[in-house]
Amino acid sequence: MTDSSFSKIAILDFGSQYTQVIARRVRECQVYSQIVRHDATADEIKALGANGLIFSGGPASVYAKDAPQLDPAIFELGIPILGICYGMQLMGHHLSGKVEHSERREYGSGQLHVAVPECKLFHGLGEMLDIWNSHGDKLTKLPRGFRTVATTDNSEFAAIEHPKKRFYGLQFHPEVAHTPRGKELIQNFVYEICGCKMDWTMGSFIEQTCSEIQAQVGEDHVVLGLSGGVDSSVAAALLHKAIGNQLTCVFVNNGLLRANEAETVQRVFGDNFHMKLKYVDATTQFLSKLKGITDPERKRKIIGNQFVRVFEEATKALTTKTKGKSKFKFLAQGTLYPDVIESVAIGGNPAALIKSHHNVGGLPKNMKFKLVEPLRQLFKDEVRLVGAQLGLPPEIVQRQPFPGPGLAVRILGEITRERLRVLREADTIVVSEMKAAGWYYKVWQSFAVLLPVRSVGVMGDERTYENTVALRIVESQDGMTADWVRLPYEILARISTRIINEVKGVNRVCYDISSKPPATIEWE
Ligand code: XMP
């Protein structure tokens with residue numbers, strides 16, 4: 001897909017943990033941003049047609065043996081550049097400045113004194129700014145043609161500029177929330193210095209993506225595996241808008257869904273949107289394959305393989321039914337931007353190295369489909385905005401992540417219909433109480449886990465020997481790290497009381513107070 005009609009900022013990634021944050025800040029300015037590897041050539045950058053470049057920070061030192069480098073011809077492209085932290089040091093290093101290891105590592109908040117308020121980057125920001133630093137090395141000699149525009153107590157080159165070339169360097173991090181007016185700095189760069197237009201709106205995205213989908217698909221047919229999650233749902237709505245009946249969604253009920261999930265998906269997509277929706281109830285098939293299995297990896301494998309089989313059968317059946325006329329040439333997927341960014345893992349950026357084990361349920365390469373991935377350019381929050389704009393209800397657009405293998409990863413031990421019933425009922429209570437208390441949309445995930453543990457209890461005059469349910473309620477930005485939510489006791493009490501009173505087979509509820517790492521979010 002092309003995106004040439006939008007203004008654009010390209011971000012060269014030198015391995016900073018904040019690279020995606022920079023990309024999001026630019027998009028919050030309604031300007032499209034794209035992350036590229038630090039070693040992209042000047043020709044590649046030129047071909048992108050970016051209005052400006054941002055060099056991210058990074059954990060390396062410019063003199064280190066394996067320091068990520070850039071193509072110096074980039075400085076000849078004639079487009080504005082903003083170097084942040086390592087990005088600034090690298091710019092200084094290439095353009096005849098000097099970078100040295102600083103005795104005092106500067107970390108945390110600081111104050112910036114703006115010496116040249118007429119510098120476009122600081123336009124309207126006053127003379128004193130709170131900023132956030134995180135660097136060991138620092139620039140000690142200005143590169144030729146540059147001047148200092150701001151200082152800190154520890155650095156006389158905290159912000160520098162080459163006004164003619166429109167090159168700027170910041171020693172601190174404007175992209176993080178701890179630099180409260182950093183967003184305005186980024187706005188100044190993208191609007192005033194790079195001349196970008198505010199054309200990256202979800203409305204313009206939808207319009208452009210629809211024409212791209214139409215161009216890509218032509219008269220052919222597209223099949224999409226609808227899971228009910230945000231990504232596949234929004235992809236479905238977008239494709240439906242673009243190609244209407246040329247889209248068929250296949251919704252596989254694997255028997256491991258939450259209560260009412262199958263009905264909700266059919267109501268929203270079939271009844272409301274009038275999409276061609278093939279509902280396949282494969283509950284028996286999945287559950288019989290899972291019978292007696294307790295090992296989490298085996299469960300995942302079985303579910304993944306089974307899904308592929310059912311999906312293939314369903315598409316084959318659909319094709320035969322229409323006498324081959326709707327032979328699907330394309331497979332649509334709700335792949336998002338963070339899945340396609342090629343992560344640069346340099347030194348201390350472990351987040352980039354943690355590869356998820358999650359996509360076991362993907363479709364095999366030998367399925368002869370061409371891919372349509374209309375959400376490839378979007379961050380999750382943008383996907384939600386697109387979904388809302390396309391008319392999807394909040395119960396779909398704002399829902400919490402739900403794992404592909406479903407409740408299987410939340411039932412420890414064997415998966416049976418009875419244990420699914422127990423977990424579904426407990427889960428329904430968690431969701432409804434979290435919603436009623438106004439907490440559901442504030443947290444990353446809130447769910448129940450059924451443990452393979454029974455314990456003694458007493459109900460009325462009777463002794464019980466029943467199941468334990470654990471509550472997992474976490475906050476997180478991206479699922480990579482997470483912390484347990486300090487939920488008010490009253491809400492915990494209500495959830496616990498309701499589960500124990502209403503769910504037959506449960507006599508004990510525990511609250512999981514582990515963070516990730518070292519624990520994970522799901523228990524498996
Ligand atoms: P963990 O348990 O690894 O989970 O801390 C991190 C996030 O990923 C979700 N998750 C999955 N999502 N398919 C998915 O689409 C999966 O197999 C899967 N397993 C875990 C989990 O819910 C959490 O948000």
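Both counts, for ligands and for their atoms, begin at 1 and track the order of listing. Note that the structure is predicted; figures quoted are calculated from it, not measured.
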For G479, the ligand 1 atoms whose distance to one of its heavy atoms is below 4.0 Å: 6 (C)

Polar side-chain atom of T179 near backbone of G182 as donor-acceptor pair, under 3.5 Å: no

Check: I521 N/O within less than 3.5 Å of ligand 1 N/O: yes

T520 neighbourhood, listing ligand 1 atoms whose heavy-atom distance to it stays under 4.0 Å: 1 (P), 2 (O), 5 (O)

Those residues that, when tested against H178, pass ring pair (Phe, Tyr, Trp, His ring centres under 6.0 Å) (two or more places apart): W132

Any W444 heavy atom less than 4.0 Å from ligand 1: yes

Interfacing atoms of ligand 1 (cut-off 4.0 Å, heavy-atom, P405): 13 (N), 16 (C), 17 (O)

Exceeds 12 heavy-atom contacts within 6.0 angstrom, atom CZ of R298: no

T315 side chain vs E312 backbone, donor-acceptor pair below 3.5 Å: yes

Heavy atom of R300, distance to ligand 1 below 4.0 Å: yes

F330 vs F369, ring-ring contact (aromatic ring centres under 6.0 Å, His included): CA-CA, chis, key distance, verdict: CA-CA 5 Å; F330 292 92; F369 289 122; 9.1 Å; no

Identified salt bridge (charged side-chain N to carboxylate O under 4.0 Å, His left out) counterpart of E524 within the set R472, K299, R300: R300

Selection from Q400, K516, E524 by shortest heavy-atom distance to atom 5 (O) of ligand 1: K516

